[in-house]
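We name chains A, B, ... by the order of the sequence lines, and we start the count at 1 in each one.
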2 protein chains.
Amino acid sequence: MGTDTDTAKPATRIQREKQEAILEAALDVFSQYGFRGSTIDQIAEAAGMSKPNLLYYFKSKEDIHAPLLARILDTWLQPLRELDAHGDPLPEIQSYIRRKLEMSRDFPRESRLFANEMLRGAPGFHGVLHTDLKKLVDEKAEVIRSWMAQGKIVKCDPYHLIFSIWATTQHYADFDIQVRAVLGKERGGEGRFEDAARFLDQLFLHGLKPKN
Amino acid sequence: MGTDTDTAKPATRIQREKQEAILEAALDVFSQYGFRGSTIDQIAEAAGMSKPNLLYYFKSKEDIHAPLLARILDTWLQPLRELDAHGDPLPEIQSYIRRKLEMSRDFPRESRLFANEMLRGAPGFHGVLHTDLKKLVDEKAEVIRSWMAQGKIVKCDPYHLIFSIWATTQHYADFDIQVRAVLGKERGGEGRFEDAARFLDQLFLHGLKPKN
DNA sequence: AAATTTTTTGACCGATTGGAAAAATTCTAG
DNA sequence: CTAGAATTTTTCCAATCGGTCAAAAAATTT
């Protein structure tokens, strides 16, 4: 019948604004230092309020962290969900890569929060990796496999293909500091995402196009 | 003239063993929870000693963390250093990918420690990213570019090529939990690294081979 | 304006944190 | 064995941690 959190939720506009401000600040902090490395005081200060005041809106540290994780997993997988089995294989993969890369560009903190959670063994995702995530990937891997069977793209392991798309795109958010350091002042600006898009297009499309 | 740490270092064998045990335990802990999320007590317990005893060998938390970081950056870049400008381009890149993947398989904690450091902005690497790392990548990017100029491999951005090799290989260490969850019981065993190697070979070699 | 509800604050709590100091122990050399 | 050095443990500390509580202050309703 639902928890007390959704029965007791008239949520005035002020409440929702404050909660959003807290989650916003928490995203900043958690994405850098992980759950254990972040403190409530830190988040409270970033949100411009006192710790007891923050705890008035979220009753514990985990209560701030959990909704962030929940929101992110859903957002994160949206591009994969949109991979259309009836579309043109190569353009479908291309736009999947692009969408994923745009997410790294536009939501780097979310990517880092996700990475932080993975690094410590994803306790915040308890079973969801083995159920929801696996189910979605299984489904899309089957789509990709059917494209291979039709000879539309070159044969390879669809799971590792998906992993490599995740890895290459998320890298630009998670290892942003390294990327910018290596590219230097001129090439490390905002244009790096366009360079990356161009490169990844080439790598994957050239790598997947059948030699017919 | 060096710091006091290298002037005062007779370092009996027992001392070195204990220090190594501490660093080993610290690697376990830091790689999961990051610097701020890890505690000295946690490390001490993992090393099988009391906190004050640990602090007898390393005088602060940072003093345990710093040598781990220093060691890892060097180890991590070794495969790239070995990329031979005078070797055969495609096999060179292939064995670079393989070496990198083997490191993810054999040293996943080191990979995660590195990732953790990147996520929080790499304060432990202060300037080294912009100097040593950039210098090495610049150098090797030039090698790759020369291969492209010779028509040995297809033209693309060598920096993003290197990034994509880093990303795809390290993914198997940093996101290990996710990878295993998605691959499931049967396909998620040790064999996943061979599958990954096979896939990455195909992706990069097929993607880089010039169409002559 | 009075009454009531919501929000914010300040003081505080026990537990944990990184670390210091010194006593107690163990090891080693003569 | 014994003096001295190296190691370990016990005790302790101030700061910070996550979190509570009651009272003050604002906002809202009547």
Please produce a list of atom pairs where a protein N or O lies less than 3.5 Å from an N or O of nucleotides 10-13 of chain D.
none

Spacing between [X] atom [atom1] and [N] atom [atom2], to the nearest angstrom:
| X | N | atom1 | atom2 | result |
| --- | --- | --- | --- | --- |
| B:Y56 | D:dT8 | OH | C1' | 9 Å |
| A:Q42 | D:dC17 | CD | P | 8 Å |
| A:Y33 | D:dC17 | OH | C1' | 17 Å |
| B:F58 | C:dG18 | CZ | C1' | 16 Å |
| A:R16 | C:dT6 | CZ | P | 15 Å |
| A:Q15 | C:dT8 | CD | C1' | 14 Å |
| A:R36 | C:dT17 | CZ | P | 7 Å |
| A:K18 | D:dA26 | NZ | P | 13 Å |

Charged N to carboxylate O below 4.0 Å: is that the case for A:R192 and A:D176?
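Judged by the 4.0 Å cut-off on N to carboxylate O distance, A:R192 and A:D176 do form a salt bridge.
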Is the closest basic N to carboxylate O distance between A:D74 and A:R81 below 4.0 Å?
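Answer for the salt bridge query: yes.
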Could you tell me if the ring centre of B:F114 sits under 6.0 Å from that of B:F30?
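Ring centroids of B:F114 and B:F30 are no less than 6.0 Å from each other.
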Please report the C-alpha distance between A:H160 and B:Y172 in whole Å, then the side-chain angles of each, then the deciding distance to 0.1 Å, and finally whether the ring pair (Phe, Tyr, Trp, His ring centres under 6.0 Å) criterion is met.
CA-CA 10 Å; A:H160 291 277; B:Y172 290 96; 5.5 Å; yes
Select from A:L55 and A:T39 the residue whose nearest nucleotide in DNA chain D is closer to the 5' end of that strand.
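Final value for this comparison: A:T39.
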Considering every strand and a 4.0 Å limit on heavy-atom distances, what is the contact class for B:Y57: base, sugar-phosphate, or nothing?
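It contacts sugar-phosphate atoms only.
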Donor-acceptor check, side chain of B:K100 to backbone of B:L77, threshold 3.5 angstrom: yes or no?
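No, because the side chain of B:K100 does not come within donor-acceptor range (under 3.5 Å) of the backbone of B:L77.
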Is B:K140 reaching over with its side chain to a backbone N or O of B:P158, donor-acceptor style, under 3.5 angstrom?
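Judged by distance alone, no pair lies under 3.5 Å.
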